[in-house]
Amino acid sequence: MTLPYDDEDPISIEKYARTLLNRTLREVYQASQTYNMGARGALGQAVEKLHFKYQPNNIAAPDFPKAGLELKVTPIKTLKNGELVAKERLVLNIIDFMVEHSKSWEESSFWQKNKRLLLMFYLHHDNAAIYDLYFRLIGIWDYPEKDLLIIKNDWKIIVNKIRNGEAHLISEGDTMYLGACTKGGGHGGDFRSQPFSSELAKQRAYSLKKKYLDIIISTWRKDKRLNDIEPIVKNVKDLSNEKSFEQLVIEKFAPYIGKSPTEITKALGVKINPNAKNFFSTLSLRVLGVKTKKVEEFEKADITLKTIRLKHNNMPKEDISFPYFKYKEIVEETWYESTFRSYLEKKFFFVIYKFNKKGELRLAKVMFWNMPARDIDSYAKLVWERTVEQINNNKAGDLPKKRENYACHVRPHGRNAKDTDETPNGVMLVKKSFWLNSKYIRDQILDKSID
DNA sequence: GCATGATCATGC
DNA sequence: GCATGATCATGC
């Protein structure tokens, strides 16, 4: 059968893909309802069959092997402020723990299949048949060289966990752009064996983080929000196989360890209002050489920059809060797919200051941190489950306290006591959220380098 | 000195 | 007006 495009030529394929831009499959193909409408991935399969005229496959090579292109059909949505963002992460191929560990980067299943993506973003609609969804952005995505260095390092982190017999301890927070997300069995229910440990590990697939997709979308749309974002890595040569992004960032702070915020400001030769509430975060941005409000790499990797001030006994002055939860929504969640768990799987960048004996603040240390998978599925899980149980038992007024759990607790988090939310039992109660305990944070950051 | 409850400041 | 991150106040 003659194809309506040249399957050896990526540009021809991209051009042909774009004929679906701002259209639906039904408009183009008068599609019947033959295919499974609701199934996940059904639209992708329909695009392969109806539009590209090939049978969906399950091979290790890209979908268009001769052109070296992997086709991905993935949803976007519009936020209340009109911004267009990815609806979810982009799930790529499943990782075969038994095989992947023996591969080099070049031979890896990720690189073999996904080195060049043909992305077709469609606008998500809750109740629409797959034939009635509109394609809004279509194009080939070539990872910028700088991104590729970070992705390559991400891949090493994932594979090293397998090599260390820790496939069961992989967390999306371990990596920056390339994640290893759970796949199958209701997300986290499908277990596989791993080569260097007898522990079963959740089946995982490579994925591109949602925030990484957001930047692809913004880039293609030339969104204004890109003006607020500036990269730390100005030049590809800033990174190498020997120097990861994290190391580069830590090096940028190294000259200022032991210095006061004022001294750092002076040394940088910048003017920042020391009374502004965002003084510390602005100072960190300037140390990183970023003049705008946001760091590109942090945005794409969904890394939260947090300033922590340690008291003289190394205890952080404050606990770390998360957004409040809605009582009626949290009881409908499962732990594994809970909002709280998704917050905990993110990476943090801690800029840690410490009060010295005279009560003066000095930069003590910077570090990237994400909550170890073990802690997430033990301490945090217990607190979350107890919280749901109490709310369900009409005891939303008595949720896990700080002394009850080593890592986290629940406490009010509204504008004031009158800022309330309705419980499943119809009672109005002050808004609450999960918090990470200062003591737990202390133990996570404690190191001989702080004294 | 810490746990707990409460509120502030900022930005959208 | 509200969400969110940051911080304060009180009492044990």
Side-chain angles (χ1 to χ4, degrees), chain A residues 78-85 211 214 218 223-229 261 272-285 292-295 298-299 302-330 339-340 342-344 346-355 357 359 361 369 371 379 383 386-387 390 395-423 427-443 446:
Chain A
T78 315
L79 297 180
K80 281 176 198 149
N81 63 12
E83 218 172 275
L84 216 54
V85 295
K211 289 278 194 168
D214 287 348
S218 294
D223 282 346
K224 278 193 199 131
R225 62 186 220 99
L226 292 175
N227 297 342
D228 294 337
I229 301 174
I272 312 169
N273 174 9
N275 300 317
K277 206 164 174 183
N278 61 0
F279 169 72
F280 285 103
S281 84
T282 307
L283 185 58
S284 295
L285 291 175
T292 53
K293 285 186 267 180
K294 291 174 175 175
V295 176
F298 285 12
E299 284 299 300
D302 204 2
I303 296 171
T304 307
L305 189 156
K306 200 155 268 292
T307 307
I308 294 177
R309 289 171 303 158
L310 301 181
K311 294 188 275 188
H312 194 246
N313 61 3
N314 284 329
M315 186 72 92
K317 264 194 86 204
E318 313 289 348
D319 305 306
I320 293 177
S321 71
F322 294 97
Y324 81 93
F325 52 76
K326 293 201 165 71
Y327 297 108
K328 288 201 271 196
E329 287 177 9
I330 191 170
T339 311
F340 182 39
S342 74
Y343 290 146
L344 296 178
K346 288 190 198 177
K347 203 186 262 303
F348 289 87
F349 177 59
F350 291 152
V351 179
I352 304 160
Y353 292 86
K354 184 175 170 177
F355 290 101
K357 282 178 183 146
L361 216 47
W369 180 79
M371 194 166 182
Y379 300 113
V383 168
R386 179 76 182 147
T387 298
Q390 287 291 88
K395 290 178 186 161
D398 180 20
L399 300 181
K401 296 187 188 309
K402 201 172 185 177
R403 70 164 84 90
E404 296 172 39
N405 187 283
Y406 169 52
C408 42
H409 66 279
V410 177
R411 84 172 197 264
H413 193 177
R415 286 190 302 286
N416 54 46
K418 288 177 188 133
D419 193 12
T420 57
D421 182 56
E422 192 178 9
T423 69
V427 182
M428 296 307 288
L429 211 61
V430 64
K431 288 174 181 166
K432 292 182 188 174
S433 78
F434 293 100
W435 299 67
L436 287 176
N437 299 349
S438 51
K439 198 179 288 179
Y440 174 70
I441 298 298
R442 177 199 65 189
D443 293 349
L446 209 55

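A quick note: this is a predicted structure, and the numbers were derived from the prediction, not measured. Each chain gets a letter, A, B and so on, in the order the sequences are listed, and its residues count up from 1.
Atoms CZ and CZ, on A/Phe434 and A/Phe325 in that order, are 5.0 Å from each other to the nearest 0.5 Å.
In this pair, A/Trp369 and A/Phe348 present their aromatic rings tilted. The plane angle is within the 30 to 60° band. Using cut-offs of 30° and 60° on the angle between ring planes, the pair A/Phe322 and A/Phe340 is perpendicular.
Side chains of A/Trp435 and A/Lys402 form no contact here, defined as non-hydrogen atoms less than 4.5 Å apart. Annotation: side chain of A/Met371 is in contact with side chain of A/Tyr440 (closest heavy-atom distance under 4.5 Å). The side-chain heavy atoms of A/Thr78 and A/Leu84, taken from C-beta on, include a pair separated by under 4.5 Å. Side-chain contact between A/Ile330 and A/Thr339: absent, with no pair of heavy atoms (C-beta onward) separated by less than 4.5 Å.
Looking at residues two or more places apart in sequence or on another chain, you find a side-chain hydrogen bond (donor to acceptor under 3.5 Å, both in side chains) between A/Asp443 and A/Tyr406. Remark: A/Lys347 pairs with A/Glu246 by the side-chain hydrogen bond (donor to acceptor under 3.5 Å, both in side chains) rule, at least two apart or across chains. Under the rule for a side-chain hydrogen bond (donor to acceptor under 3.5 Å, both in side chains), A/Asn278 has no partner lying at least two apart in sequence or in another chain.
Residue-level contact check: A/His409 touches neither bases nor backbone, having no heavy atom under 4.0 Å from any strand. Using a 4.0 Å heavy-atom cutoff across all strands shown, A/Arg225 reaches no nucleic acid atom at all. Contact annotation for A/Lys80: no contact, since no heavy-atom pair falls under 4.0 Å across all strands. A/Asp419 comes within 4.0 angstrom of no nucleic acid atom, judged by non-hydrogen atoms across all strands. Across all strands shown, A/Asp319 has heavy atoms under 4.0 Å from base atoms, whether or not it also approaches the sugar-phosphate.
Along DNA chain C, the stretch of nucleotides lying under 4.0 Å from any heavy atom of chain A spans, 5' to 3', C/dC2 to C/dC8.
Between A/Thr307 and A/Lys431, the residue anchored closer to the 5' end of DNA chain C is A/Lys431, taking for each the nucleotide with the nearest heavy atom. Residue-to-nucleotide proximity on DNA chain B shows that, of A/Trp435 and A/Asn278, the 5′-proximal contact is made by A/Trp435. In terms of position on DNA chain B, the residue among A/Val430 and A/Lys311 whose nearest nucleotide sits closer to the 5' end is A/Lys311.
Shown for residues 397-406 of chain A: residues whose heavy atoms fall under 4.0 angstrom of DNA chain B, namely A/Lys401, A/Lys402, A/Arg403.
Taking the C1' atoms of five terminal pairs at each end of the helix from B/dG1-C/dC12 to B/dC12-C/dG1, the two resulting helix axes are inclined by 30°, rounded to 10°.
Donor-acceptor pairing under 3.5 Å is lacking for the side chains of A/Asp228 and A/Thr292.
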